[in-house]
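Encoded as structure tokens, the structure appears first; notes follow it.
Atom set for the values below is all heavy atoms of this structure, side chains included, hydrogens, waters and symmetry mates excluded. Each ligand, and each atom within it, is numbered from 1 in the order the structure gives. Quantities reported herein were computed from a predicted structural model and do not represent experimental measurements. This chain uses plain numbering: 1 for the first residue, then up along the sequence.
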Amino acid sequence: MIVDKVVLITGCGGNGIGKSLSKAFYEYGFKVYSSSRNLESMNELSSMGINTIRLDVKDKLSIESAVNQIIKNEGKIDILINNAGISSFNTWIDMPDEELEDVFQTNTLGLIRTTREVAKHMIKERTGLIINIGSVAGFIPMPISGLYCASKAALHSFNESIRVELSPFSIKVMLVMPGPLKSEIVNKTLPKFKEIISNPESPYHPIYKELLDRPLTSIKNQAPIQGLTDSIMKKIFSNRIPNHMKYGPGSIGLVFLSWLPTRLIDFIFSRKFGFSKLKSIIKNDQTKNKDN
Ligand SMILES: NC(=O)c1ccc[n+]([C@@H]2O[C@H](COP(=O)([O-])OP(=O)(O)OC[C@H]3O[C@@H](n4cnc5c(N)ncnc54)[C@H](OP(=O)(O)O)[C@@H]3O)[C@@H](O)[C@H]2O)c1
């Protein structure tokens, strides 16, 4: 089947969602442009015949150059998939400024800049589809990944606004919120996380082991990416593309969790991630200091 539609996907360098979606769209006959900040990381895709292009979402010029190149080649971009993203597991108070900025520059501002560049052309064409890859973390924020959750929540808000703003031009916007899926995204953050919380200067050092459990639990619960890809493709071909799509382990459970009173959510997270233990340690220390 040949589909006369041009798709641009960001963040296709790893072995994750971007690569999986690239292959699926290509197999369905779409004209796919997979992008990454490193062309060599997409060799597998280019060897299949998929177009690969350099696009760093943190670099305005790189976004403009990639989009202009596709418009020059094809005259249009029908579907944009904003997939590029980085994870961030860390105690925010210990995080260096560069990491803090990196999370928002990539997950939020990078996505907004890419969308702006592509939407200009979609507006002229009076048609288009923008798929934003958010996260369940964007609607149920969790400790130790506050910056990641905040960056995704911000993109969720942006998604909701532009869905209305772009609808007069027949541009559809869909937000995909996956739960933990098998990719390298969490592993990439672990060395830095371990380095920071193993530092005795961190106020969270006493619960180092419990905190480390948070990303490890996320990794343990990861589902295969193919299920998400199949589900997205089904939605693309459905008569009515939904505004939102949640997918993956825990996504329904987390929806229920988000309905609980905040005090109860705090209690659950404090027990689960070791903050109740830290509270007891601090209380004991204070009592000892008083006694001395
Ligand atoms: N896997 C999950 O559990 C999960 C759950 C919910 C949401 N998500 C979201 O799904 C998306 C894809 O993640 P994934 O799980 O497939 O992980 P992944 O394989 O690490 O994919 C993320 C991709 O984004 C790329 N990227 C990072 N910074 C970039 C930049 N400045 N410009 C362009 N590309 C950049 C990475 O490139 P490099 O290889 O060069 O670093 C990587 O290829 C992310 O937005 C993530 O937040 C993932």
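- Of all the heavy atoms of K182, none lies under 4.0 Å from any atom of ligand 1, so neither backbone nor side chain is involved.
- Using bins of under 30°, 30° to 60° and over 60° for the plane-to-plane angle, the ring pair F89/F193 lands in the tilted bin.
- The contact set between ligand 1 and K58, taken as ligand atoms under 4.0 Å from a residue heavy atom, comprises 31 (N).
- Within the structure, ligand 1 has G134 among the residues with a heavy atom less than 4.0 angstrom away.
- The shortest contact between atom 31 (N) of ligand 1 and any protein heavy atom is with D56 OD1, 2.8 Å.
- Protein heavy atom nearest atom 20 (O) of ligand 1, with residue, atom name and distance: K188 NZ, 2.7 Å.
- Residue-ligand proximity, L55 to ligand 1, at heavy-atom distances under 4.0 Å covers atoms 32 (N), 33 (C).
- A salt bridge links D4 with K76: at least one charged nitrogen is closer than 4.0 Å to a carboxylate oxygen.
- Among L181, V136, I225, the residue whose heavy atom sits closest to atom 1 (N) of ligand 1 is L181.
- Each of the following atoms of ligand 1 lies closer than 4.0 Å to a heavy atom of G13: 43 (O).
- Atoms of ligand 1 found under 4.0 Å from any heavy atom of I133, numbered from 1 in the order shown, are 9 (C), 10 (O), 11 (C).
- Residue G16 approaches ligand 1 through these ligand atoms, each under 4.0 Å from one of its heavy atoms: 16 (O), 19 (O).
- Between G138 and H156, the closest heavy-atom pair is CA-CE1, 3.5 Å.
- Heavy-atom distances between N38 and ligand 1 stay at or above 4.0 Å for every pair.
- At least one heavy atom of R37 sits less than 4.0 Å from an atom of ligand 1.
- Side-chain contact annotation: Q69 with R54, donor-acceptor N/O pair under 3.5 Å absent.
- Remark: among candidates S183, G179, S218, S135, the nearest residue to atom 4 (C) of ligand 1 is G179, based on non-hydrogen atoms.
- A salt bridge links E44 to K23: one of the charged nitrogens lies within less than 4.0 Å of a carboxylate oxygen.
- Looking only at heavy atoms of the protein, atom 21 (O) of ligand 1 is closest to G11 O, 4.2 Å.
- Between K58 and D102, at least one side-chain nitrogen of the basic residue sits less than 4.0 Å from a carboxylate oxygen of the acidic one, meeting the salt-bridge criterion.
- With K31 as the partner, the side chain to side chain contact (heavy atoms under 4.5 Å, CB included) test is satisfied by one option alone out of N51, D78, V7: N51.
- With distances taken over non-hydrogen atoms, the option nearest atom 43 (O) of ligand 1 out of G14, P178, A66 is G14.
- With respect to atom 34 (N) of ligand 1, the closest heavy atom belonging to the protein is A84 CB, 3.4 Å.
- Given atom 13 (O) of ligand 1, the protein heavy atom at minimum distance is I185 CD1, 3.6 Å.
- Using a cut-off of 4.0 Å between Lys/Arg side-chain N and Asp/Glu carboxylate O, E99 and K192 are scored as not salt-bridged.
- Ligand 1 has an N or O atom lying under 3.5 Å from an N or O atom of K152, backbone or side chain.
- Looking only at protein heavy atoms, the nearest one to atom 8 (N) of ligand 1 is Y148 OH, 3.7 Å.
- Checked against a 3.5 angstrom limit, the closest N/O atoms of I86 and ligand 1 fall outside it.
- For atom 16 (O) of ligand 1, the closest heavy atom belonging to the protein is I17 N, 2.7 Å.
- Considering all non-hydrogen atoms of both residues, D56 and R37 come closest at CB-CB, 4.0 Å.
- Contact annotation for T106 and ligand 1: only side-chain heavy atoms (C-beta onward) come within less than 4.0 Å of the ligand.
- G85 O, 3.5 Å is the protein heavy atom nearest to atom 22 (C) of ligand 1.
- Of all heavy-atom pairs spanning Y33 and N73, the tightest one is OH-ND2, 3.2 Å.
- Ion pairing of E64 with K60 is present here, as a side-chain N (NZ or NE/NH1/NH2) and a carboxylate O approach within less than 4.0 Å.
- At least one heavy atom of P180 sits less than 4.0 Å from an atom of ligand 1.
- By the rule that hydrophobic residues join a cluster once side-chain heavy atoms approach within less than 4.5 Å of another member, I162 and I63 end up as members of one cluster.
- Side chains of S145 and R214: a donor on one and an acceptor on the other come within 3.5 Å.
- Side chains of N243 and K172: a donor on one and an acceptor on the other come within 3.5 Å.
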